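Written out below as structure tokens is the structure these notes cover.
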2 protein chains.
Amino acid sequence: MPSPQRKTPSVHDLPVDPRVEALVNEVIGRVADKWTMILIEVLIEHGELRFTRLGELAGGISQKMLTQTLRQMERDGLVIRTIHPVIPPRVEYRLTDLGLSLGEAFCGVWLWAEKNLQAIEDARVAFDIRAKA
Amino acid sequence: MPSPQRKTPSVHDLPVDPRVEALVNEVIGRVADKWTMILIEVLIEHGELRFTRLGELAGGISQKMLTQTLRQMERDGLVIRTIHPVIPPRVEYRLTDLGLSLGEAFCGVWLWAEKNLQAIEDARVAFDIRAKA
DNA sequence: CAGTATCCTTTATGATACTG
DNA sequence: CAGTATCATAAAGGATACTG
């Protein structure tokens with residue numbers, strides 16, 4: 001890795017419009033939401049799913065949050081919501097290409113988390129011991 | 001957060017230890033936190049920084065959240081906090097290898113957001129128009 | 001089934017004041 | 001400077017009841 005002193009070898013290798021950066025932050029804040037990530041994960045693994053099934057597979061999500069998160073995702077162009085006009089209603093959700101690409105981008109974080117779980121737990125234990133002193 | 005007995009199958013259909021998965025979710029939940037990501041970004045770009053400077057560069061963070069987020073990051077092994085015993089106090093923060101690797105993993109999401117900013121805005125506009133009908 | 005609507009609790013965050 | 005402590009409030013989220 002390049003030493004931190006060198007000219008910012010970060011994501012931004014070019015002059016960054018602060019307004020663009022602010023928007024990126026906002027998008028990341030919204031999009032990197034816990035339930036959004038989990039729903040994308042579930043949709044990648046299972047493909048198109050109905051509302052209730054999606055909730056079951058996500059695990060521990062309330063109906064309210066499920067609706068709310070799905071609406072946001074739909075608005076952001078991450079999922080497509082298909083209503084089948086039957087009784088009882090059948091509504092299915094699937095990822096758009098945009099949603100899929102976000103899942104792939106986020107995959108790196110997921111892998112990072114799995115890989116470094118133990119390191120984090122160790123760090124916490126060490127910190128808590130230090131903190132007691 | 002622990003959901004009361006989830007008979008729900010795991011996010012993966014693969015044999016994944018649910019406790020591991022819960023931890024991964026928790027870690028991602030924390031890591032996908034807005035200020036954590038911004039602080040990592042700033043630390044990658046500027047290297048070791050003092051408390052106040054870090055806050056300035058992060059932009060719009062309250063002292064309370066800065067302290068709180070940095071403590072969490074330190075506990076998770078993402079940053080190292082160095083206290084120089086002088087008056088006035090001088091405390092510097094820098095990323096650990098773990099913190100740096102998280103920044104790199106998250107880089108994909110950052111790039112995704114930059115790249116797809118316009119697509120998201122377009123999707124929102126389109127959705128809002130549809131919603132009015 | 002797939003939501004809405006409502007109430008209510010918890011959590012997150014901000015503002016302010018104070019200290020070694 | 002680099003915090004800590006406290007109060008206040010906004011926002012997130014859950015439980016429950018109801019509906020087309």
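All chains are named by letter (A, B, ...) in the order of the sequence lines, taking the proteins before the strands, and each is independently numbered beginning at 1. Since the structure is predicted, the reported quantities are computational estimates derived from the model, not experimental observations.
Rounded to a whole Å, the CD atom of Gln68(B) is 15 Å from the P atom of dT6(D). If you take CG of Asp33(A) and C1' of dA12(D), they are 10 Å apart, rounded to a whole angstrom. Computed from coordinates, the Gln72(B) CD to dT13(C) C1' distance equals 13 Å when rounded to whole Å. The nearest whole Å value for the distance from the CD1 atom in Ile87(B) to the P atom in dG20(C) is 12 Å. Look at CE on Met65(A): it is 13 Å from P on dA15(D), rounded to the nearest Å.
Under the side-chain contact (heavy atoms from CB on, under 4.5 Å) criterion, Val42(B) pairs with Ile38(B), His46(B), Leu49(B), Leu54(B), Leu57(B), sequence neighbours left out. Take Ile83(A) and apply the side-chain contact (heavy atoms from CB on, under 4.5 Å) test, not counting sequence neighbours, and it matches Arg81(A), Val91(A). Evaluation of the salt bridge (Lys or Arg N to Asp or Glu O under 4.0 Å) rule for Asp76(B) yields Arg124(A), Arg30(B) as partners, not counting sequence neighbours.
Residue pairs meeting the side-chain hydrogen bond (donor to acceptor under 3.5 Å, both in side chains) criterion with at least one partner in residues 51-63 of chain B, sequence neighbours excluded, are Arg53(B)-Glu56(B). Applying the salt bridge (charged side-chain N to carboxylate O under 4.0 Å, His left out) test to every pair with at least one member in residues 94-109 of chain A, sequence neighbours left out, gives these pairs: Glu48(A)-Arg94(A). Sorted by first then second residue, the salt bridge (charged side-chain N to carboxylate O under 4.0 Å, His left out) pairs that include residues 64-73 of chain A, not counting sequence neighbours, number zero.
Axis angle across the helix from dC1(C)-dG20(D) to dG20(C)-dC1(D), with five pairs used at each end and values rounded to 10°: 50°.
With side-chain heavy atoms closer than 4.5 Å counting as contact, directly or through intermediates, Ile80(A) stands alone and belongs to no larger hydrophobic cluster.
Between Phe106(B) and Phe106(A), the two ring planes are perpendicular [angle over 60°; tilted spans 30° to 60°].
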Take nucleotides 1-8 of chain C nucleotide by nucleotide from the 5' end and write B, S or -, depending on whether a protein heavy atom sits under 4.0 Å from the base, only from the sugar-phosphate, or from neither. BSBB--B-
